[in-house]
Amino acid sequence: MDTDVVVIGAGCAGLGAAAAVRASGKSCIVLEASDRPGGRAWTAYPTALGGVWFDMGAVWFHDAEHNPLVEIAVAQGGALLRSDDIRTERTYVGNRLATAAEQDGYAGAFDRYTAAADALLARHADIPLRAIAESIPDDPWAATVEAWEGPIICVTEADRFSARDWRNNALGGSNLVPDGGIGAFVQRRCTAGLDIRYATPATRIAWGGPNGRATVETANGTIVAGACIVTVSTGVLAAGTVQFDPPLPPSVLESVAALPMGLAIKIALRGTGPDRLDLPTHCSIDRQTMLGETLIPFQCWPFGRDYVQGWIGGDRAWDLSRAGEDAAADFALEQLRALFGGRVDRLFAGGGRLVTGWDADPWVRGAYSSCLPGHADARRRLAEPLADGHLLFAGEACHSPYAGTVAGAWLSGQDAARIALQALTSGASYKPAPTSHP
Ligand SMILES: Cc1cc2nc3c(=O)[nH]c(=O)nc-3n(C[C@H](O)[C@H](O)[C@H](O)COP(=O)(O)OP(=O)(O)OC[C@H]3O[C@@H](n4cnc5c(N)ncnc54)[C@H](O)[C@@H]3O)c2cc1C
(Lines give C-alpha, C1' and ligand atoms only; values in the text may rest on other atoms or scores of the structure.)
Protein backbone atom coordinates (compact mmCIF):
# COMPACT_ATOMS: atom_id res chain seq x y z
CA MET A 1 0.00 0.00 0.00
CA ASP A 2 1.13 3.55 -0.71
CA THR A 3 -0.80 5.08 2.17
CA ASP A 4 -3.35 4.20 4.86
CA VAL A 5 -5.90 6.71 3.64
CA VAL A 6 -6.21 8.55 0.34
CA VAL A 7 -8.38 11.66 0.32
CA ILE A 8 -9.79 13.02 -2.93
CA GLY A 9 -9.98 16.81 -2.82
CA ALA A 10 -8.16 19.42 -0.69
CA GLY A 11 -11.18 21.58 0.16
CA CYS A 12 -12.27 21.97 3.79
CA ALA A 13 -13.68 18.42 3.90
CA GLY A 14 -10.51 16.86 2.51
CA LEU A 15 -8.29 18.93 4.80
CA GLY A 16 -10.47 18.09 7.82
CA ALA A 17 -10.25 14.39 6.97
CA ALA A 18 -6.48 14.52 6.38
CA ALA A 19 -5.90 16.41 9.64
CA ALA A 20 -7.81 13.73 11.57
CA VAL A 21 -5.92 10.88 9.89
CA ARG A 22 -2.61 12.58 10.52
CA ALA A 23 -3.48 13.19 14.18
CA SER A 24 -4.08 9.44 14.55
CA GLY A 25 -0.56 8.65 13.33
CA LYS A 26 -1.74 6.91 10.14
CA SER A 27 -0.45 8.01 6.75
CA CYS A 28 -2.54 10.05 4.34
CA ILE A 29 -2.18 11.38 0.81
CA VAL A 30 -4.51 14.10 -0.46
CA LEU A 31 -5.09 14.30 -4.21
CA GLU A 32 -6.19 17.71 -5.46
CA ALA A 33 -7.19 18.41 -9.05
CA SER A 34 -6.40 22.13 -9.00
CA ASP A 35 -3.16 23.88 -8.13
CA ARG A 36 -4.24 25.22 -4.72
CA PRO A 37 -5.86 24.04 -1.48
CA GLY A 38 -9.18 25.26 -0.10
CA GLY A 39 -11.58 24.42 -2.93
CA ARG A 40 -14.52 26.78 -2.53
CA ALA A 41 -12.66 28.59 0.27
CA TRP A 42 -10.48 30.71 -2.00
CA THR A 43 -9.10 34.17 -1.33
CA ALA A 44 -8.00 36.06 -4.44
CA TYR A 45 -6.40 39.49 -4.83
CA PRO A 46 -8.13 40.81 -7.99
CA THR A 47 -6.53 43.78 -9.70
CA ALA A 48 -10.05 44.81 -10.77
CA LEU A 49 -10.69 45.62 -7.10
CA GLY A 50 -7.32 47.21 -6.43
CA GLY A 51 -5.56 44.05 -5.22
CA VAL A 52 -7.39 43.77 -1.87
CA TRP A 53 -8.16 40.30 -0.53
CA PHE A 54 -11.48 39.04 -1.82
CA ASP A 55 -13.13 35.73 -1.04
CA MET A 56 -14.40 34.25 -4.29
CA GLY A 57 -16.43 31.61 -2.42
CA ALA A 58 -16.99 31.28 1.33
CA VAL A 59 -16.62 34.43 3.44
CA TRP A 60 -18.11 33.86 6.89
CA PHE A 61 -17.65 31.44 9.70
CA HIS A 62 -21.34 30.96 10.44
CA ASP A 63 -22.58 30.03 13.92
CA ALA A 64 -19.20 31.19 15.16
CA GLU A 65 -19.91 30.12 18.75
CA HIS A 66 -19.90 26.44 17.64
CA ASN A 67 -17.82 26.57 14.47
CA PRO A 68 -14.78 24.27 14.67
CA LEU A 69 -12.77 26.49 12.32
CA VAL A 70 -13.23 29.44 14.66
CA GLU A 71 -11.66 27.32 17.40
CA ILE A 72 -8.66 26.72 15.13
CA ALA A 73 -8.41 30.39 14.23
CA VAL A 74 -8.59 31.47 17.87
CA ALA A 75 -6.08 28.82 18.99
CA GLN A 76 -3.64 30.06 16.37
CA GLY A 77 -4.08 33.71 17.24
CA GLY A 78 -5.85 34.70 14.00
CA ALA A 79 -7.82 37.96 13.99
CA LEU A 80 -11.55 37.64 13.39
CA LEU A 81 -13.62 40.52 12.06
CA ARG A 82 -17.09 40.99 13.55
CA SER A 83 -18.87 42.05 10.39
CA ASP A 84 -22.30 41.71 12.07
CA ASP A 85 -21.33 44.46 14.53
CA ILE A 86 -20.20 47.00 11.97
CA ARG A 87 -22.97 46.40 9.45
CA THR A 88 -25.82 48.84 8.94
CA GLU A 89 -28.93 47.87 7.04
CA ARG A 90 -31.16 49.78 4.62
CA THR A 91 -34.36 48.25 3.33
CA TYR A 92 -36.27 49.65 0.37
CA VAL A 93 -39.92 49.32 -0.54
CA GLY A 94 -40.16 50.07 -4.23
CA ASN A 95 -37.59 52.80 -4.74
CA ARG A 96 -37.92 54.46 -1.33
CA LEU A 97 -36.62 53.57 2.10
CA ALA A 98 -38.96 51.48 4.25
CA THR A 99 -40.88 53.45 6.88
CA ALA A 100 -40.33 52.68 10.57
CA ALA A 101 -43.62 50.71 10.64
CA GLU A 102 -42.55 48.70 7.60
CA GLN A 103 -39.19 47.99 9.17
CA ASP A 104 -40.93 46.74 12.31
CA GLY A 105 -42.96 44.40 10.12
CA TYR A 106 -39.80 43.17 8.43
CA ALA A 107 -38.02 42.68 11.76
CA GLY A 108 -40.48 39.96 12.83
CA ALA A 109 -40.87 38.41 9.37
CA PHE A 110 -38.29 35.66 9.76
CA ASP A 111 -39.91 34.42 12.97
CA ARG A 112 -43.36 34.43 11.37
CA TYR A 113 -41.98 32.54 8.37
CA THR A 114 -40.29 29.96 10.60
CA ALA A 115 -43.46 29.47 12.64
CA ALA A 116 -45.41 28.92 9.40
CA ALA A 117 -42.76 26.39 8.29
CA ASP A 118 -42.99 24.49 11.57
CA ALA A 119 -46.78 24.40 11.34
CA LEU A 120 -46.58 22.93 7.82
CA LEU A 121 -43.80 20.49 8.67
CA ALA A 122 -45.82 19.21 11.62
CA ARG A 123 -48.42 18.03 9.10
CA HIS A 124 -46.24 17.03 6.13
CA ALA A 125 -43.09 14.90 5.83
CA ASP A 126 -41.69 17.57 3.53
CA ILE A 127 -42.78 20.42 1.30
CA PRO A 128 -41.02 22.81 -1.07
CA LEU A 129 -39.83 25.99 0.61
CA ARG A 130 -42.28 27.89 -1.64
CA ALA A 131 -45.24 26.44 0.29
CA ILE A 132 -44.23 28.39 3.40
CA ALA A 133 -44.69 31.86 1.90
CA GLU A 134 -47.82 30.67 0.11
CA SER A 135 -49.30 29.63 3.47
CA ILE A 136 -49.04 33.22 4.79
CA PRO A 137 -50.24 35.22 1.75
CA ASP A 138 -51.21 38.26 3.84
CA ASP A 139 -47.72 38.71 5.25
CA PRO A 140 -46.16 41.55 3.19
CA TRP A 141 -42.64 40.32 3.96
CA ALA A 142 -43.03 36.55 3.47
CA ALA A 143 -41.82 36.69 -0.16
CA THR A 144 -38.78 38.73 0.87
CA VAL A 145 -37.85 36.17 3.51
CA GLU A 146 -38.32 33.45 0.89
CA ALA A 147 -36.03 35.32 -1.52
CA TRP A 148 -33.36 35.34 1.20
CA GLU A 149 -33.82 31.77 2.38
CA GLY A 150 -34.31 30.28 -1.11
CA PRO A 151 -32.18 31.71 -3.93
CA ILE A 152 -29.84 33.77 -1.77
CA ILE A 153 -28.93 31.49 1.13
CA CYS A 154 -29.91 28.08 -0.25
CA VAL A 155 -28.83 29.21 -3.77
CA THR A 156 -31.87 27.51 -5.35
CA GLU A 157 -35.40 28.59 -6.22
CA ALA A 158 -37.85 27.99 -3.38
CA ASP A 159 -40.07 25.64 -5.40
CA ARG A 160 -37.15 23.22 -5.76
CA PHE A 161 -35.75 23.26 -2.23
CA SER A 162 -36.76 21.00 0.66
CA ALA A 163 -38.27 22.95 3.57
CA ARG A 164 -37.33 20.08 5.90
CA ASP A 165 -33.69 20.32 4.84
CA TRP A 166 -33.80 24.10 5.16
CA ARG A 167 -35.14 23.73 8.71
CA ASN A 168 -32.54 21.06 9.57
CA ASN A 169 -29.74 23.40 8.51
CA ALA A 170 -30.93 26.84 9.57
CA LEU A 171 -27.95 28.38 11.35
CA GLY A 172 -27.99 30.65 14.36
CA GLY A 173 -25.16 32.41 16.15
CA SER A 174 -22.88 35.11 14.83
CA ASN A 175 -20.89 35.39 11.61
CA LEU A 176 -17.17 36.11 11.74
CA VAL A 177 -14.72 36.85 8.95
CA PRO A 178 -11.08 35.84 9.35
CA ASP A 179 -8.97 38.90 8.65
CA GLY A 180 -7.26 38.35 5.30
CA GLY A 181 -9.97 36.04 3.98
CA ILE A 182 -11.27 32.56 4.66
CA GLY A 183 -9.38 30.98 1.76
CA ALA A 184 -6.11 32.44 2.99
CA PHE A 185 -6.93 31.20 6.48
CA VAL A 186 -7.56 27.65 5.22
CA GLN A 187 -4.39 27.69 3.14
CA ARG A 188 -2.26 29.01 6.00
CA ARG A 189 -3.80 27.21 8.97
CA CYS A 190 -5.30 23.96 7.71
CA THR A 191 -2.67 22.47 5.40
CA ALA A 192 0.41 22.29 7.64
CA GLY A 193 2.13 18.90 7.63
CA LEU A 194 -0.22 17.36 5.06
CA ASP A 195 0.95 15.48 1.95
CA ILE A 196 -1.11 17.21 -0.75
CA ARG A 197 -0.50 16.36 -4.42
CA TYR A 198 -1.70 19.28 -6.52
CA ALA A 199 -2.75 19.14 -10.19
CA THR A 200 -3.52 15.48 -9.63
CA PRO A 201 -7.16 14.75 -10.43
CA ALA A 202 -8.42 11.30 -9.52
CA THR A 203 -9.97 9.72 -12.59
CA ARG A 204 -10.94 6.22 -11.43
CA ILE A 205 -11.42 4.60 -8.03
CA ALA A 206 -11.40 0.79 -7.83
CA TRP A 207 -12.87 0.09 -4.41
CA GLY A 208 -13.66 -2.91 -2.22
CA GLY A 209 -10.38 -4.72 -2.99
CA PRO A 210 -8.67 -7.14 -0.54
CA ASN A 211 -9.21 -5.84 3.05
CA GLY A 212 -11.28 -3.02 1.60
CA ARG A 213 -8.36 -1.56 -0.31
CA ALA A 214 -8.91 1.22 -2.86
CA THR A 215 -6.82 1.88 -5.95
CA VAL A 216 -7.01 5.42 -7.24
CA GLU A 217 -5.91 6.25 -10.76
CA THR A 218 -4.65 9.75 -11.54
CA ALA A 219 -2.92 11.36 -14.48
CA ASN A 220 0.30 11.11 -12.47
CA GLY A 221 0.08 7.44 -11.48
CA THR A 222 -1.82 5.09 -9.23
CA ILE A 223 -2.21 5.13 -5.44
CA VAL A 224 -3.20 2.10 -3.39
CA ALA A 225 -4.73 2.87 0.02
CA GLY A 226 -6.38 1.08 2.92
CA ALA A 227 -9.34 3.47 2.72
CA CYS A 228 -10.51 6.25 0.45
CA ILE A 229 -12.43 9.41 1.34
CA VAL A 230 -14.03 11.24 -1.59
CA THR A 231 -14.80 14.92 -0.92
CA VAL A 232 -15.61 16.28 -4.38
CA SER A 233 -18.85 18.26 -4.81
CA THR A 234 -22.12 16.59 -5.80
CA GLY A 235 -21.75 18.53 -9.07
CA VAL A 236 -18.48 16.70 -9.80
CA LEU A 237 -19.98 13.36 -8.73
CA ALA A 238 -23.02 13.89 -10.97
CA ALA A 239 -20.80 14.80 -13.93
CA GLY A 240 -19.08 11.41 -13.69
CA THR A 241 -15.62 12.97 -13.75
CA VAL A 242 -14.47 10.24 -11.37
CA GLN A 243 -15.28 6.67 -12.44
CA PHE A 244 -16.01 4.07 -9.76
CA ASP A 245 -15.30 0.38 -10.15
CA PRO A 246 -17.58 -1.33 -9.22
CA PRO A 247 -20.15 1.38 -10.02
CA LEU A 248 -21.61 3.17 -7.02
CA PRO A 249 -24.75 1.62 -5.52
CA PRO A 250 -28.15 3.18 -6.33
CA SER A 251 -28.46 4.73 -2.83
CA VAL A 252 -25.38 6.89 -3.50
CA LEU A 253 -26.47 7.85 -7.01
CA GLU A 254 -29.96 8.74 -5.74
CA SER A 255 -28.48 10.89 -2.97
CA VAL A 256 -26.24 12.71 -5.43
CA ALA A 257 -29.24 13.35 -7.71
CA ALA A 258 -31.24 14.64 -4.72
CA LEU A 259 -28.49 17.11 -3.80
CA PRO A 260 -27.85 19.05 -7.04
CA MET A 261 -25.59 22.09 -7.03
CA GLY A 262 -27.21 25.47 -6.65
CA LEU A 263 -25.50 28.66 -7.76
CA ALA A 264 -24.81 32.10 -6.38
CA ILE A 265 -22.70 34.74 -8.07
CA LYS A 266 -21.00 37.72 -6.54
CA ILE A 267 -20.84 40.88 -8.60
CA ALA A 268 -18.36 43.47 -7.35
CA LEU A 269 -18.33 46.97 -8.88
CA ARG A 270 -15.54 49.38 -8.01
CA GLY A 271 -16.34 53.06 -7.69
CA THR A 272 -14.16 55.60 -9.46
CA GLY A 273 -15.08 58.81 -7.67
CA PRO A 274 -15.63 60.06 -4.12
CA ASP A 275 -19.41 59.43 -4.20
CA ARG A 276 -20.50 56.75 -1.69
CA LEU A 277 -24.24 56.97 -2.51
CA ASP A 278 -24.77 58.48 0.95
CA LEU A 279 -24.30 55.02 2.43
CA PRO A 280 -22.07 54.28 5.41
CA THR A 281 -19.25 51.76 5.36
CA HIS A 282 -20.36 48.13 5.42
CA CYS A 283 -23.94 48.96 4.55
CA SER A 284 -26.27 46.15 3.47
CA ILE A 285 -29.15 47.08 1.24
CA ASP A 286 -32.12 44.96 0.33
CA ARG A 287 -35.63 45.46 -0.93
CA GLN A 288 -39.13 44.14 -0.38
CA THR A 289 -39.87 41.61 -3.14
CA MET A 290 -42.83 39.77 -4.60
CA LEU A 291 -42.91 35.96 -4.88
CA GLY A 292 -40.51 34.74 -7.55
CA GLU A 293 -38.93 38.19 -8.08
CA THR A 294 -35.11 38.35 -8.02
CA LEU A 295 -33.68 39.97 -4.90
CA ILE A 296 -30.12 41.22 -5.21
CA PRO A 297 -28.85 42.40 -1.85
CA PHE A 298 -25.76 44.59 -1.91
CA GLN A 299 -23.01 45.01 0.59
CA CYS A 300 -21.67 48.50 0.06
CA TRP A 301 -18.17 49.65 0.87
CA PRO A 302 -17.32 46.52 2.91
CA PHE A 303 -14.63 47.24 5.51
CA GLY A 304 -14.38 50.76 4.04
CA ARG A 305 -13.35 49.53 0.61
CA ASP A 306 -14.27 51.29 -2.62
CA TYR A 307 -16.60 48.71 -4.13
CA VAL A 308 -20.13 47.43 -3.71
CA GLN A 309 -20.90 43.77 -3.96
CA GLY A 310 -24.17 42.24 -5.12
CA TRP A 311 -25.20 38.64 -4.56
CA ILE A 312 -27.55 36.77 -6.88
CA GLY A 313 -28.63 33.18 -6.34
CA GLY A 314 -30.83 30.58 -8.00
CA ASP A 315 -32.00 30.53 -11.62
CA ARG A 316 -31.05 34.16 -12.28
CA ALA A 317 -27.48 33.37 -11.18
CA TRP A 318 -27.20 30.49 -13.67
CA ASP A 319 -28.65 32.68 -16.44
CA LEU A 320 -26.38 35.65 -15.76
CA SER A 321 -23.32 33.50 -15.33
CA ARG A 322 -23.93 31.94 -18.74
CA ALA A 323 -24.65 35.36 -20.26
CA GLY A 324 -21.24 36.64 -19.11
CA GLU A 325 -19.66 39.30 -16.94
CA ASP A 326 -21.11 42.31 -18.77
CA ALA A 327 -24.68 41.01 -18.48
CA ALA A 328 -24.24 40.33 -14.75
CA ALA A 329 -22.68 43.77 -14.12
CA ASP A 330 -25.44 45.47 -16.17
CA PHE A 331 -28.09 43.69 -14.10
CA ALA A 332 -26.49 44.85 -10.86
CA LEU A 333 -26.15 48.42 -12.16
CA GLU A 334 -29.79 48.46 -13.23
CA GLN A 335 -30.84 47.49 -9.69
CA LEU A 336 -28.65 50.21 -8.17
CA ARG A 337 -29.87 52.79 -10.69
CA ALA A 338 -33.47 52.12 -9.62
CA LEU A 339 -32.53 53.12 -6.06
CA PHE A 340 -29.92 55.83 -6.59
CA GLY A 341 -30.55 57.20 -10.08
CA GLY A 342 -27.99 58.33 -12.65
CA ARG A 343 -25.19 59.00 -10.16
CA VAL A 344 -24.62 55.24 -10.22
CA ASP A 345 -23.41 55.44 -13.83
CA ARG A 346 -21.00 58.25 -13.05
CA LEU A 347 -19.71 56.46 -9.94
CA PHE A 348 -18.99 53.12 -11.58
CA ALA A 349 -18.06 54.29 -15.10
CA GLY A 350 -14.67 52.81 -16.01
CA GLY A 351 -14.28 51.13 -12.61
CA GLY A 352 -13.07 47.55 -12.19
CA ARG A 353 -15.62 44.75 -11.91
CA LEU A 354 -15.54 41.15 -10.90
CA VAL A 355 -18.12 38.38 -11.31
CA THR A 356 -17.52 34.97 -9.73
CA GLY A 357 -18.23 31.87 -11.83
CA TRP A 358 -18.21 28.69 -9.75
CA ASP A 359 -20.45 26.95 -12.27
CA ALA A 360 -17.65 27.14 -14.84
CA ASP A 361 -15.08 25.54 -12.53
CA PRO A 362 -14.97 21.89 -13.70
CA TRP A 363 -13.79 20.76 -10.25
CA VAL A 364 -16.79 22.32 -8.46
CA ARG A 365 -19.68 23.01 -10.92
CA GLY A 366 -21.84 25.30 -8.78
CA ALA A 367 -21.82 27.05 -5.41
CA TYR A 368 -23.05 24.41 -2.98
CA SER A 369 -25.53 21.57 -2.76
CA SER A 370 -29.25 22.18 -2.63
CA CYS A 371 -31.78 19.54 -1.53
CA LEU A 372 -34.84 18.54 -3.53
CA PRO A 373 -38.17 18.45 -1.66
CA GLY A 374 -38.82 14.99 -0.22
CA HIS A 375 -35.13 14.13 0.08
CA ALA A 376 -34.09 15.59 3.42
CA ASP A 377 -32.41 12.28 4.32
CA ALA A 378 -30.07 12.44 1.29
CA ARG A 379 -27.20 14.12 3.18
CA ARG A 380 -27.12 11.36 5.79
CA ARG A 381 -27.44 8.66 3.12
CA LEU A 382 -24.58 10.07 1.06
CA ALA A 383 -22.35 9.93 4.15
CA GLU A 384 -23.13 6.24 4.80
CA PRO A 385 -19.91 4.19 4.60
CA LEU A 386 -19.36 1.74 1.76
CA ALA A 387 -17.08 -1.30 1.70
CA ASP A 388 -17.29 -1.65 5.50
CA GLY A 389 -15.99 1.85 6.06
CA HIS A 390 -13.18 1.74 3.46
CA LEU A 391 -14.93 4.04 0.95
CA LEU A 392 -16.53 7.19 2.27
CA PHE A 393 -18.08 10.35 0.91
CA ALA A 394 -17.62 13.63 2.74
CA GLY A 395 -18.08 17.32 1.96
CA GLU A 396 -20.55 20.10 2.61
CA ALA A 397 -23.36 18.10 0.97
CA CYS A 398 -22.98 15.29 3.52
CA HIS A 399 -23.38 17.34 6.66
CA SER A 400 -26.27 18.49 8.79
CA PRO A 401 -26.85 20.94 10.46
CA TYR A 402 -23.98 22.73 8.68
CA ALA A 403 -24.84 21.76 5.09
CA GLY A 404 -23.35 24.04 2.46
CA THR A 405 -20.71 25.55 4.75
CA VAL A 406 -17.00 25.28 5.40
CA ALA A 407 -17.75 24.03 8.93
CA GLY A 408 -20.00 21.27 7.60
CA ALA A 409 -17.34 20.27 5.09
CA TRP A 410 -14.62 20.17 7.75
CA LEU A 411 -16.76 18.18 10.23
CA SER A 412 -17.96 15.71 7.61
CA GLY A 413 -14.32 15.09 6.61
CA GLN A 414 -13.44 14.45 10.23
CA ASP A 415 -16.42 12.11 10.66
CA ALA A 416 -15.39 10.15 7.56
CA ALA A 417 -11.80 9.92 8.79
CA ARG A 418 -12.93 8.49 12.13
CA ILE A 419 -14.89 5.77 10.36
CA ALA A 420 -12.01 5.01 7.97
CA LEU A 421 -9.55 4.78 10.87
CA GLN A 422 -11.85 2.45 12.73
CA ALA A 423 -12.20 0.28 9.61
CA LEU A 424 -8.42 0.18 9.20
CA THR A 425 -7.78 -0.86 12.78
CA SER A 426 -10.65 -3.34 13.08
CA GLY A 427 -10.04 -5.20 9.82
CA ALA A 428 -12.90 -5.15 7.38
CA SER A 429 -15.64 -4.10 9.78
CA TYR A 430 -16.53 -0.87 11.50
CA LYS A 431 -18.97 0.37 14.08
CA PRO A 432 -20.40 3.80 13.34
CA ALA A 433 -18.29 6.33 15.21
CA PRO A 434 -19.97 9.09 17.16
CA THR A 435 -20.53 11.91 14.73
CA SER A 436 -19.80 15.57 15.18
CA HIS A 437 -23.46 16.45 14.66
CA PRO A 438 -24.63 18.33 17.75
C1 LIG B 1 -20.05 32.01 -3.56
C2 LIG B 1 -19.98 31.13 -2.34
C3 LIG B 1 -20.16 31.69 -1.08
C4 LIG B 1 -20.09 30.88 0.05
N5 LIG B 1 -20.20 31.45 1.29
C6 LIG B 1 -19.97 30.70 2.40
C7 LIG B 1 -19.82 31.31 3.66
O8 LIG B 1 -19.86 32.53 3.79
N9 LIG B 1 -19.60 30.50 4.74
C10 LIG B 1 -19.51 29.14 4.62
O11 LIG B 1 -19.31 28.46 5.63
N12 LIG B 1 -19.59 28.54 3.41
C13 LIG B 1 -19.81 29.29 2.30
N14 LIG B 1 -19.83 28.71 1.08
C15 LIG B 1 -19.79 27.25 0.97
C16 LIG B 1 -18.40 26.67 1.24
O17 LIG B 1 -17.46 27.34 0.44
C18 LIG B 1 -18.42 25.19 0.88
O19 LIG B 1 -19.50 24.57 1.55
C20 LIG B 1 -17.15 24.45 1.30
O21 LIG B 1 -16.01 25.21 1.01
C22 LIG B 1 -17.11 23.12 0.56
O23 LIG B 1 -15.98 22.38 0.94
P24 LIG B 1 -15.79 20.90 0.40
O25 LIG B 1 -14.50 20.42 0.90
O26 LIG B 1 -17.01 20.10 0.68
O27 LIG B 1 -15.77 21.02 -1.19
P28 LIG B 1 -14.70 21.84 -2.14
O29 LIG B 1 -14.29 23.08 -1.48
O30 LIG B 1 -15.37 21.90 -3.45
O31 LIG B 1 -13.48 20.84 -2.16
C32 LIG B 1 -13.43 19.75 -3.06
C33 LIG B 1 -12.07 19.74 -3.72
O34 LIG B 1 -12.00 18.62 -4.59
C35 LIG B 1 -11.24 18.98 -5.74
N36 LIG B 1 -11.58 18.02 -6.80
C37 LIG B 1 -12.65 17.97 -7.58
N38 LIG B 1 -12.59 16.91 -8.41
C39 LIG B 1 -11.44 16.26 -8.12
C40 LIG B 1 -10.79 15.09 -8.61
N41 LIG B 1 -11.33 14.35 -9.58
N42 LIG B 1 -9.61 14.73 -8.06
C43 LIG B 1 -9.03 15.46 -7.07
N44 LIG B 1 -9.59 16.59 -6.58
C45 LIG B 1 -10.78 16.98 -7.09
C46 LIG B 1 -11.68 20.39 -6.01
O47 LIG B 1 -10.72 21.08 -6.80
C48 LIG B 1 -11.79 20.96 -4.60
O49 LIG B 1 -10.58 21.57 -4.19
C50 LIG B 1 -19.86 29.49 -0.09
C51 LIG B 1 -19.66 28.94 -1.35
C52 LIG B 1 -19.71 29.75 -2.46
C53 LIG B 1 -19.42 29.13 -3.81
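Ligands are counted one by one from 1 in listed order, and the atoms in each one are counted from 1 as well.
The closest protein non-hydrogen atom to atom 32 (C) of ligand 1 is Thr231 O, 3.6 Å. Atom 36 (N) of ligand 1 has its closest protein heavy atom at Val232 CG1, 3.7 Å. Atom 26 (O) of ligand 1 has as its closest protein heavy atom Glu396 N, 2.9 Å. Here the heavy atom of the protein found nearest to atom 29 (O) of ligand 1 is Arg40 N, 2.8 Å. Among all protein heavy atoms, the one lying closest to atom 23 (O) of ligand 1 is Ala409 CB, 3.4 Å. For atom 52 (C) of ligand 1, the closest heavy atom belonging to the protein is Gly57 CA, 3.8 Å.
Considering every non-hydrogen atom in both Leu372 and Ala257, the closest pair reads CD1-O, 3.7 Å.
Near Val236, with a cut-off below 4.0 Å to any heavy atom, the atoms of ligand 1 are 38 (N). Set against the non-hydrogen atoms of His62, the atoms of ligand 1 under 4.0 Å away are 7 (C), 8 (O), 9 (N), 10 (C), 11 (O). Every atom of ligand 1 is numbered from 1 in the order shown, and the set under 4.0 Å from a heavy atom of Gly9 is 33 (C), 34 (O), 35 (C), 44 (N). Atoms of ligand 1 found under 4.0 Å from any heavy atom of Gly11, numbered from 1 in the order shown, are 25 (O), 29 (O), 31 (O), 33 (C), 49 (O). The contact set between ligand 1 and Gly395, taken as ligand atoms under 4.0 Å from a residue heavy atom, comprises 26 (O). Taking every non-hydrogen atom of Val242 and a distance limit under 4.0 Å, the qualifying atoms of ligand 1 come out as 41 (N).
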Apply salt bridge (Lys or Arg N to Asp or Glu O under 4.0 Å) to the pair Arg316 and Glu293, showing each step before the final yes or no. CA-CA 10 Å; Arg316 180 78 72 165; Glu293 199 187 343; over 6 Å; no

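Taking the six-membered ring for Trp and the full ring otherwise, Phe54 and Trp42 have centroids separated by 6.0 Å or more. The six-membered or imidazole ring of Trp53 lies away from that of Tyr45, with a centre-to-centre distance of 6.0 Å or more.
Contacts with ligand 1 closer than 4.0 Å are made by no heavy atom of Trp410, backbone or side chain. For Tyr368, every heavy-atom contact with ligand 1 shorter than 4.0 Å involves the side chain, none the backbone. Only the backbone of Leu31 comes within contact range of ligand 1, with a heavy atom under 4.0 Å; no side-chain atom does. With a heavy-atom cut-off of 4.0 Å, Trp60 touches ligand 1 through backbone and side chain alike.
For ligand 1, none of its N or O atoms has an N or O atom of Ala264 under 3.5 Å away. Residue Trp358 has no nitrogen or oxygen atom sitting less than 3.5 Å from a nitrogen or oxygen atom of ligand 1, judged on distance alone. Not one N or O of Ser233 is nearer than 3.5 Å to an N or O of ligand 1, by distance alone. Polar contact with ligand 1: present for Ala202 (N/O pair, distance under 3.5 Å). Considering backbone and side-chain atoms alike, Ala13 places an N or O below 3.5 Å from some N or O of ligand 1. For Val406, a nitrogen or oxygen atom sits less than 3.5 Å from a nitrogen or oxygen atom of ligand 1, counting backbone and side chain alike. Between Pro201 and ligand 1, a contact under 3.5 Å exists for no N or O pair.
Taking a cutoff of 4.0 Å between a charged side-chain nitrogen and a carboxylate oxygen, Asp118 and Arg167 qualify as a salt bridge. Using a 4.0 Å cut-off between a side-chain N of Lys or Arg and a carboxylate O of Asp or Glu, Arg379 and Asp377 do not qualify as a salt bridge. The pair Arg130-Glu146 counts as a salt bridge, with a side-chain nitrogen and a carboxylate oxygen less than 4.0 angstrom apart.
Using a non-hydrogen distance threshold of 4.0 Å, Ile8 registers as a contact of ligand 1. Not a single heavy atom of Gly366 sits less than 4.0 Å from an atom of ligand 1.
Checking Trp166, Trp141, Tyr106 one by one against Tyr113, the ring pair (Phe, Tyr, Trp, His ring centres under 6.0 Å) holds for a single residue, Trp166.
Taking SG from Cys154 and CD from Glu149, the interatomic distance works out to 6.5 Å, rounded to the nearest 0.5 Å.
Heavy-atom proximity to atom 35 (C) of ligand 1, evaluated over Glu32, His399, Met56, is greatest for Glu32. If you check each of Thr405, Leu15, Val186, Thr356 against atom 12 (N) of ligand 1, the one with the closest non-hydrogen atom is Thr405. Of the candidates Gly404, Ala33, Ala58, Ala407, it is Gly404 that places a heavy atom closest to atom 15 (C) of ligand 1.
Side-chain atoms of Glu396 and Ser369 form a donor-acceptor pair, as typed in the model, at a separation below 3.5 Å.
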